[in-house]
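We name chains A, B, ... by the order of the sequence lines, and we start the count at 1 in each one.
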2 protein chains.
Amino acid sequence: MLSNACKYAIRSILYLAINSSEDNKIGVKIIAEELETPQPFLAKLLQQLTRDKLVSSTKGPNGGFYLDSKNRKNAIWDVIISIDGTSKFDNCFLGLAKCDDRNPCPVHFIVSPFKDKILSSFRDKTIDEYVVEIKNTNRVISLKDLDLFENEDS
Amino acid sequence: MLSNACKYAIRSILYLAINSSEDNKIGVKIIAEELETPQPFLAKLLQQLTRDKLVSSTKGPNGGFYLDSKNRKNAIWDVIISIDGTSKFDNCFLGLAKCDDRNPCPVHFIVSPFKDKILSSFRDKTIDEYVVEIKNTNRVISLKDLDLFENEDS
DNA sequence: ATAAAAAAAGAGATTCTTGTCTTAAACTCG
DNA sequence: CGAGTTTAAGACAAGAATCTCTTTTTTTAT
């Protein structure tokens with residue numbers, strides 16, 4: 001569904017939303033380590049996101065990437081548009097050129113509600129709101145967060 | 001989610017299940033035209049499926065591809081295994097190496113039920129049963145089937 | 001000013017997917 | 001048997017996705 005590039009980008013945005021601020025910019029190196037992604041490749045993606053005003057950056061010592069308050073009003077959906085485009089979401093699961101409620105492919109009515117849910121998760125919430133939800137429901141976005149079954153009795 | 005190759009393969013299998021028999025073998029050329037797929041590429045895929053005993057074939061005049069009764073006892077899932085492998089179904093939607101019910105990514109609980117449904121649609125039915133369902137519920141597998149809104153008042 | 005740090009940019013390399021082309025093998029029918 | 005038809009197989013080609021490397025530009029701190 002999503003390319004690796006887009007997955008990296010989404011995780012970066014969420015990582016920056018949670019961990020960065022105007023006073024705490026984060027370099028590619030750190031981000032790539034935290035998310036366990038190839039560093040130079042991630043750099044390219046962050047450049048792309050910066051061009052599209054989805055993340056902010058400054059060069060030089062103490063520079064790095066961060067999200068300002070304007071960036072935080074965007075949605076994950078904007079990241080997907082920037083990196084992958086939306087075609088993968090529009091296309092039929094079995095590749096039929098014309099597949100809709102009236103002429104459904106064999107899995108259309110399984111795929112369609114799923115797409116709606118994913119779409120509203122990505123499109124109808126700002127990054128800010130998304131992060132609140134992530135925190136409230138204790139979601140994971142990098143591997144370092146894993147509790148590794150430490151609290152077995154919770 | 002699925003590669004083009006796999007989509008073509010699934011649609012071919014369903015096409016053969018509906019239209020072919022031991023007495024009515026169908027050549028690559030026809031199948032490729034019906035499904036609107038690149039012909040030599042589809043030939044490769046059908047060879048692969050034949051090697052894996054998911055479709056049957058005979059060479060020479062009046063030869064072609066078809067499903068015998070044994071082929072019809074397989075599942076779509078076997079086609080996916082043959083062409084794509086199952087990794088795309090196992091992997092996290094956001095690419096996290098470790099994402100499960102206990103350490104869920106932000107969309108885990110949206111994706112997970114969808115995967116279960118798609119999986120049971122593909123894995124828990126034989127091709128034969130699948131085709132019955134397709135026919136009963138009037139599903140589309142090639143472009144030629146489209147009713148193009150002729151029966152607006154139904 | 002100068003040096004160091006960091007992103008920006010662009011070229012290039014690798015791998016995977018997709019697709020094509022050619023030749024061989026097998027089968028059928030006259 | 002022999003010609004034609006069709007799959008089988010393998011090499012090859014084009015494109016996209018992924019990933020790397022090098023150079024440039026900007027900024028900060030000394």
*Asks:* What does B:Ala5 touch in the nucleic acid at a heavy-atom separation under 4.0 angstrom: a base, only the sugar-phosphate, or nothing?
*Replies:* sugar-phosphate
*Asks:* So for A:Lys59 and C:dA8, does any side-chain atom that can act as donor or acceptor lie under 3.5 Å from a complementary atom in the base?
*Replies:* no
*Asks:* Measure centre to centre between the rings of A:Trp77 and A:Phe89, then say whether the value is under 6.0 Å.
*Replies:* yes
*Asks:* Does a nitrogen or oxygen in the side chain of A:Tyr8 sit under 4.0 Å from OP1 or OP2 of D:dC19?
*Replies:* yes
*Asks:* If you find the nucleotide of DNA chain D closest to A:Thr58 and the one closest to A:Gln39, which residue's nucleotide is nearer the 5' end?
*Replies:* A:Gln39
*Asks:* Do the side chains of B:Lys88 and B:Asp84 get close enough for a salt bridge, i.e. N-O under 4.0 angstrom?
*Replies:* yes
*Asks:* Between B:Asn62 and C:dT28, is there a contact of a side-chain N or O with OP1 or OP2 at under 4.0 Å?
*Replies:* no
*Asks:* Please tell me which of A:Pro61 and A:Lys44 maps to the more 5' nucleotide of DNA chain C, matching each residue to the nucleotide holding its nearest heavy atom.
*Replies:* A:Pro61
*Asks:* Can you tell me how far P of C:dC27 sits from OH of B:Tyr66, to the nearest Å?
*Replies:* 11 Å
*Asks:* Does the side chain of B:Asp52 reach to within under 4.5 Å of the side chain of B:Ile81, using non-hydrogen atoms?
*Replies:* no
*Asks:* Parallel, tilted or perpendicular, judged at 30° and 60°: which one describes the rings of B:Tyr8 and B:Phe41?
*Replies:* perpendicular
*Asks:* Output the rounded distance in Å from CD1 (A:Ile83) to C1' (D:dT18).
*Replies:* 13 Å
*Asks:* Give A:Pro38 one of three labels, base, sugar-phosphate or nothing, depending on what nucleic acid heavy atoms sit under 4.0 Å from its own.
*Replies:* sugar-phosphate
